Amino acid sequence: MEQPIFRNTVEFLVYGDYAMFADVLTRPGGERFSYPIPTYEALKGILSSIYWKPTLIWVIDSVRIMKPIQFYRRGIRPIKYGGGNDLAYCTYLRDTAYQVRAHFEWNENRPELAEDRNENKHHNIARRMIERGGRRDIFLGCRECQAYVEPCVFHEGAGAYDEGGDVPYSLMYHGITYADEAVLPEDKGKMTVRFWQPVMKNGVVDFIRPEQCTVKRQIRSMPVKQFGAEQNNFAPVDGLYEELTGGGELELDK
């Protein structure tokens, strides 16, 4: 069943020459190997680079694979912990493009930011930032994999696996639940790593929500960073909207 479409939904195309959605089993040794499809956390990171505010939480609904999955291996010289350089071979994805559909929800762990919950303005800022290519640098999984974003209509155009049927994958990294975004009581005040088993259906992966992941591990206790006028680290959406959009009137899609 296809994911529901929310009225604050955003849709965009992200593409780049290379991508690295590193399998967690290959990270400690330095010779990283990419998953064949994007992770929830990587796509959420892209949206955070496009537009992020502690008032809201981005929820990734679906990703569509637009180009064939191709692996590419190359040698790199990572810095060793004890000093100097080492030689490692990493396996990337190459010639990548993905359509992404996502929406945002209010961060209920931050009631002090309730006055900043203007859905219309946040949605319109996010759409404007997608049109401009994001507020910060965009990359696909790792910093060396530079990427670009632009608006799109999800399901528009031909994808690489539109007639590919169901392709199940084994246990994969889903993402990290930070203390300030935790929904379940057992995750409050913790940093939690999540895993799941995705299925690509005709080129589209519909993500489950973070709190629906049943395979997870709590890594450590984690304090919640405070935002607000007293900390001098928060810009209300009203001023940000005026700065980034010029104050033009835009209506939230119905």
Side-chain angles (χ1 to χ4, degrees), residues 2-12 14 40-63 100-136 138 149 151-154 174-192 194 206-213 222-254:
E2 188 172 334
Q3 299 278 46
I5 299 177
F6 300 84
R7 70 173 189 169
N8 61 22
T9 289
V10 295
E11 298 176 342
F12 61 92
V14 56
Y40 183 100
E41 191 70 18
L43 298 176
K44 185 179 176 185
I46 291 171
L47 266 168
S48 296
S49 294
I50 292 171
Y51 177 63
W52 178 84
K53 290 272 283 183
T55 313
L56 55 87
I57 299 174
W58 285 110
V59 179
I60 310 301
D61 298 313
S62 305
V63 62
V100 181
R101 175 183 286 164
H103 71 282
F104 65 81
E105 299 175 358
W106 303 129
N107 190 341
E108 299 297 341
N109 293 317
R110 296 191 178 279
E112 71 276 10
L113 301 181
E115 293 185 359
D116 197 56
R117 296 176 182 174
N118 186 315
E119 186 181 17
N120 183 53
K121 289 186 176 180
H122 282 298
H123 186 229
N124 286 317
I125 290 174
R127 288 164 54 189
R128 287 286 183 92
M129 293 304 101
I130 290 173
E131 293 173 358
R132 297 181 186 181
R135 299 190 71 192
R136 298 192 296 273
I138 307 296
V149 296
C152 78
V153 176
F154 201 82
H174 187 276
I176 295 177
T177 299
Y178 296 98
D180 66 328
E181 297 183 352
V183 173
L184 302 177
E186 65 265 28
D187 296 334
K188 300 284 186 178
K190 306 286 185 180
M191 174 186 283
T192 305
R194 312 181 306 268
D206 293 325
F207 290 99
I208 61 175
R209 295 177 59 89
E211 61 269 22
Q212 293 176 323
C213 293
M222 184 179 188
V224 176
K225 182 178 180 179
Q226 299 300 310
F227 290 92
E230 295 182 1
Q231 288 76 27
N232 195 30
N233 61 359
F234 181 80
V237 69
D238 293 335
L240 197 60
Y241 181 81
E242 181 71 26
E243 175 188 344
L244 296 178
T245 70
E249 292 295 329
L250 293 173
E251 294 184 359
L252 189 66
D253 293 340
K254 304 299 183 183

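Quick note: numbers below take in every heavy atom, side chains included, and nothing from hydrogens, waters or symmetry partners. Everything numeric in this text was worked out from a predicted model, so none of it was measured.
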request  = Rounded to the nearest 0.5 Å, what's the gap from CZ on Arg194 to CD on Glu41? Could you check?
outcome  = 6.0 Å
ask   = Is the closest side-chain heavy-atom distance between Ile208 and His174 below 4.5 Å?
value = yes
message = Restricting to non-hydrogen atoms, name the atom on Tyr40 and the atom on Val59 that form the minimum distance, rounded to 0.1 Å.
response = OH-CA, 3.4 Å
message = Could you tell me if the side chain of Lys121 sits less than 4.5 Å from the side chain of Asp238, heavy atoms only?
response = yes
remark   = Tightest non-hydrogen contact, residues Ile130 and Pro151, listed as CG2-N, 3.7 Å
query = Do the side chains of Ile50 and Val10 get nearer than 4.5 Å, heavy atoms only?
reply = no
ask   = Are any of the side-chain heavy atoms of Asn118 and Thr55 separated by less than 4.5 Å?
value = no
request  = Heavy atoms only: give me the nearest Ser49-Ile138 pair and the separation to one decimal.
outcome  = CB-CD1, 3.6 Å
query = Met129 and Arg135: which non-hydrogen atoms are nearest, and at how many Å?
reply = SD-CG, 3.3 Å
remark   = Heavy-atom nearest pair, Glu11 first then Val153, reads OE1-CA, 3.6 Å
inquiry  = What's the separation between atom NZ in Lys190 and atom CD1 in Ile176, rounded to the nearest 0.5 Å?
reply    = 15.5 Å
message = Within a 6.0 Å radius of atom CD on Glu115, are there more than 12 heavy atoms belonging to other residues, nucleotides or ligands?
response = no
query = Looking at residues at least two apart in the chain, or sitting in another chain, which of them share a salt bridge (Lys or Arg N to Asp or Glu O under 4.0 Å) with Arg209?
reply = Glu105, Glu211
ask   = Would you say the side chain of Asn109 lies within less than 4.5 Å of the side chain of Val224, judging by non-hydrogen atoms?
value = no
key: Test: Asp180 and Lys225 ion pair at under 4.0 Å   = no
query = Under a 4.5 Å cut-off applied to non-hydrogen side-chain atoms, are Glu186 and Thr192 in contact?
reply = no
note = CH2 of Trp106 to CD of Glu119, rounded to nearest 0.5 Å, is 6.0 Å
key: Worked verdict on Ile46 versus Val100 for side-chain contact (heavy atoms from CB on, under 4.5 Å)   = CA-CA 10 Å; Ile46 291 171; Val100 181; over 6 Å; no
request  = Kindly indicate whether the side chain of His122, heavy atoms from C-beta on, has any atom under 4.5 Å from the side chain of Asn8.
outcome  = no
request  = Enter the distance from Tyr178:OH to Ile57:CD1 here, rounded to the nearest 0.5 Å.
outcome  = 13.0 Å
request  = I would like to know whether Asn107 and Leu113 meet side-chain contact (heavy atoms from CB on, under 4.5 Å); could you show each step before the answer?
outcome  = CA-CA 9 Å; Asn107 190 341; Leu113 301 181; over 6 Å; no
inquiry  = Thr9 vs Arg101, test: side chain to side chain donor-acceptor pair (under 3.5 Å). Steps then yes/no.
reply    = CA-CA 7 Å; Thr9 289; Arg101 175 183 286 164; 5.9 Å; no
Leu43 side, atom CG; Phe207 side, atom CZ - distance, nearest 0.5 Å = 5.0 Å
remark   = For residues 43-54, the salt bridge (charged side-chain N to carboxylate O under 4.0 Å, His left out) pairs (sequence neighbours left out) are Lys44-Glu181, Lys53-Asp116
Gln226 vs Glu112, side-chain contact (heavy atoms from CB on, under 4.5 Å): CA-CA, chis, key distance, verdict = CA-CA 10 Å; Gln226 299 300 310; Glu112 71 276 10; 4.1 Å; yes
Between Phe227 and Trp52, ring centroids under 6.0 Å = yes
query = Are any non-hydrogen side-chain atoms of Val237 and Ile125 less than 4.5 angstrom apart?
reply = yes
ask   = Looking only at heavy atoms, which two atoms of Thr177 and Pro210 are closest? And how far apart?
value = OG1-CB, 4.3 Å
inquiry  = Assess the residue pair Asp61 and His103 against the criterion (side chain to side chain donor-acceptor pair (under 3.5 Å)); give the C-alpha distance rounded to whole Å, side-chain angles, the decisive distance to 0.1 Å, and a yes or no.
reply    = CA-CA 7 Å; Asp61 298 313; His103 71 282; 3.0 Å; yes
message = Distance check, rounded to the nearest 0.5 Å: Trp58 atom CH2 versus Tyr51 atom OH?
response = 8.5 Å
